[in-house]
J.: 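One structure, pasted below without further comment.
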Amino acid sequence: MPYQRPDGRALDLPDHLKRIEIKQICAKLCDRKLASSFQMADILHWVESHESPEGYDTLLHTLVEKLGYKRRTFYNVQSVGRTFPPNERQHTVTWHHYDVIRRKKLSKEQRHDLLARDERENWTDKRLRNEIENTLREAKSCGTRIDRLEELLSEMQEAAAEYDELHPILKRLSATLNRMRETRS
């Protein structure tokens, strides 16, 4: 496959490709034995960002027809490829795990942490889903703690008007709260 990375997880496509080169890459992708979902995502993303919308729709229609996939499958492939660009893909994590993680409302850091742990520990589908739920639960719990700290900070600021010795404590609490907000988003 032209432009394929050695690990097979992506295509390194240059900024300038001729139409014939694009068609050749797509023809190779149409051989199901050679195509990976990430490679399809990479060429679809490249065409979308470099060609006219008509060119993208034509390519998409051709690939869908030749591979026998539904159009929705390709949109899903493209979405995973966008969410996880080539330089952010783990070598041993399955496409399915990327798709499962992409569908959840996770921050970029949470997604990459889960993928790194998945690669190290070779998770099953069930384990991945459990870890995602734990991550979401922890994030929600952290959000609740931040909300409570914001309420307390407001109350302490009112009290600090009368007690100067509370000012250093309020500064530290404000700084901690800001760090917590940053890690949450």
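Everything quoted here is computed from the prediction, not taken from an experiment.
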J.: Checking D118 side chain against V93 main chain: does a donor-acceptor pair fall under 3.5 Å?
T.: no

J.: Checking Y98 side chain against G81 main chain: does a donor-acceptor pair fall under 3.5 Å?
T.: no

J.: Please report the interatomic distance OH(Y3) to NZ(K28), rounded to the nearest 0.5 Å.
T.: 12.5 Å

J.: Is there a side-chain contact between I101 and T83 (heavy atoms, below 4.5 Å)?
T.: no

J.: Decide yes or no for R127 and E121: does some side-chain heavy atom of the first lie under 4.5 Å from some side-chain heavy atom of the second?
T.: yes

J.: Quick one: pull up CG in L114 and CD in E119 and give me the separation to the nearest 0.5 Å.
T.: 13.0 Å

J.: Going by side-chain hydrogen bond (donor to acceptor under 3.5 Å, both in side chains), name the residues that satisfy it together with T92, two or more places apart in sequence or in a different chain.
T.: none

J.: Taking all non-hydrogen atoms of both residues, which atom of A41 and which atom of Q78 are closest, and how far apart?
T.: CB-CA, 4.3 Å

J.: Take W95 and V77, measure what side-chain contact (heavy atoms from CB on, under 4.5 Å) needs, and give me the verdict at the end.
T.: CA-CA 9 Å; W95 172 267; V77 163; 4.0 Å; yes

J.: For the atom pair CD (E133) and NZ (K104), what is the distance rounded to the nearest 0.5 Å?
T.: 5.0 Å

J.: Between L128 and H96, does a side-chain contact (heavy atoms from CB on, under 4.5 Å) hold up when you go through it step by step?
T.: CA-CA 11 Å; L128 174 64; H96 174 70; 5.9 Å; no

J.: Hey, is the main chain of R5 close enough, under 3.5 Å, to the side chain of D12 for a donor-acceptor pair?
T.: no

J.: With distance as the sole criterion, is a donor-acceptor pair present between the side chains of S79 and R102 under 3.5 Å?
T.: yes

J.: Where do L44 and F74 come nearest, in terms of heavy atoms and distance?
T.: CD1-CD2, 3.4 Å

J.: What heavy-atom pair brings V47 and I22 nearest, and what distance separates the two atoms?
T.: CG2-CG2, 3.8 Å

J.: I25 versus Q4: any side-chain heavy-atom pair under 4.5 Å?
T.: no

J.: Look up atom CG in L106 and atom CZ in R111, then write down how far apart they are to the nearest 0.5 Å.
T.: 7.0 Å

J.: May I ask you to check whether over 12 heavy atoms, not counting those of H97, lie within 6.0 Å of atom NE2?
T.: yes

J.: Begin with the C-alpha distance, continue with both residues' side-chain angles, and end with the deciding distance and a verdict on side-chain hydrogen bond (donor to acceptor under 3.5 Å, both in side chains) for N134 and R137.
T.: CA-CA 5 Å; N134 289 341; R137 198 175 311 111; 2.8 Å; yes

J.: Between A10 and D42, which heavy-atom pair has the shortest distance, and what is it?
T.: CA-OD2, 3.1 Å

J.: Decide yes or no on side-chain contact (heavy atoms from CB on, under 4.5 Å) for L13 and Q39, but give the supporting numbers first.
T.: CA-CA 10 Å; L13 301 169; Q39 292 168 343; over 6 Å; no

J.: Going through the distances and angles, do H50 and D15 end up as a side-chain contact (heavy atoms from CB on, under 4.5 Å)?
T.: CA-CA 8 Å; H50 287 81; D15 276 338; 3.6 Å; yes

J.: Salt bridge between R129 and D125, side-chain N to carboxylate O under 4.0 Å?
T.: no

J.: Shortest non-hydrogen contact from P85 to R89?
T.: O-CG, 3.5 Å

J.: Got a sec: does the CZ of R120 have more than 12 other heavy atoms crowding it under 6.0 Å?
T.: yes

J.: Can you find a heavy atom in the side chain of R117 that is under 4.5 Å from one in the side chain of W123?
T.: yes

J.: State the NE2-CG distance between H45 and L11, to the nearest 0.5 angstrom.
T.: 12.0 Å

